[in-house]
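Note sheet for the following structure.
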Amino acid sequence: MKKNIEWFAEWFDSRYYHVLYQHRDEQEAGLFINQLMNVLKLHKGSKVLDIACGKGRHALMFNALGFDTYGADLSENSILEAKKQQKENLSFFVQDMRDEIPINNFDLVCNLFTSFGYFEQQKENELVLKNIYSSLKKSGYLVIDFLNSVKVCKNLPQKETKTCNGIEFKIEKFFDSNHIYKNIFFTDNGKEYSFQEKVQNLSFSDFEKLLFLQQFKIEHIFGSYQLQTFNSNQSDRLIIIAKK
Ligand SMILES: C[S@@+](CC[C@H](N)C(=O)[O-])C[C@H]1O[C@@H](n2cnc3c(N)ncnc32)[C@H](O)[C@@H]1O
């Protein structure tokens, strides 16, 4: 019998996720982290964790800026790939964000590019934020970079076809009151595949509640990787900076 694997464990661990999202690269990550550092002004040697780091594109940038950087992700394949870049003050490990992280350890914990809102239970969201809160040193920062659900939903439903590395991805996006969905269909080497991304339809006020529950203080909200002001009708991203 096929084991019931959670969608995010399967899709993000497959090579096809990285084919489809290849434009989300180190250059985009570098520009964003540079902007972020103008706001956060961390001292050299600060300890940074990127939780749900993927192949480590943001972690690489934190390390280049002189921070002691750790990247963690559930996907074994992504961490194997990230480890190829491992060096002094840059290490990667497999970790489920619902599991405990070392406490009072980090100056900054990041959760970037819609790496939140995957779980079935609200308690699991709370658990992730509780873990992050405990892992931060006093006055440490959390950065969450999520989609702006208000703008995303205004433009749904949507269908598109995208060809990457010779694979034609047929994509359908839609939403309901709880989730935003992306169905992805393609054929590779004669085999048909289908995956579904299912992200909770979280607004800024949902994050506010979740963060306040853990006693985070929200310091900034931005609406793009250039750190423009957040506008729920116009912004592409919802980027929250909160302090322990
Ligand atoms: C949209 S990708 C973003 C990856 C990376 N932050 C980036 O910007 O390229 C979401 C990431 O979350 C990771 N992820 C999903 N569920 C996770 C979990 N329970 N614990 C840790 N990482 C998880 C996935 O493996 C994937 O790498």
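Just so it is clear, the structure is predicted and the values come from calculations on it, not from any experiment. Counting convention: from 1, in listed order, for ligands and their atoms alike.
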- prompt: In this structure, which one of Glu126, Glu6, Glu120 forms a salt bridge (Lys or Arg N to Asp or Glu O under 4.0 Å) with Arg98?
  reply: Glu6
field: Partners passing side-chain hydrogen bond (donor to acceptor under 3.5 Å, both in side chains) against Asp68 (at least two apart in sequence or in another chain)
entry: none
query: Which hydrophobic side chains are connected to Tyr181, either touching it within the sub-4.5 Å cutoff or through other members that do?
result: Phe174
message: Tell me if the aromatic rings of Tyr133 and Phe216 count as close, with their centers under 6.0 Å from one another.
response: yes
query: With a cutoff of under 4.5 Å between side-chain heavy atoms, which Ile, Leu, Val, Met, Phe, Trp and Tyr residues group with Leu127?
result: none
- prompt: Salt bridge or not for Glu160 and Lys170, using N-O below 4.0 Å?
  reply: no
Mind listing the N or O contacts between ligand 1 and protein, cut-off under 3.5 Å?
unit_1	atom_1	unit_2	atom_2	d
ligand 1	6 (N)	Ala52	O	2.7
ligand 1	6 (N)	Leu112	O	3.0
ligand 1	8 (O)	Arg57	NE	3.2
ligand 1	8 (O)	Arg57	NH2	2.9
ligand 1	9 (O)	Arg57	NE	2.8
ligand 1	19 (N)	Asp96	OD1	3.0
ligand 1	20 (N)	Met97	N	2.8
ligand 1	22 (N)	Leu74	N	3.2
ligand 1	25 (O)	Asp73	OD1	2.6
ligand 1	27 (O)	Asp73	OD1	3.4
ligand 1	27 (O)	Asp73	OD2	2.7

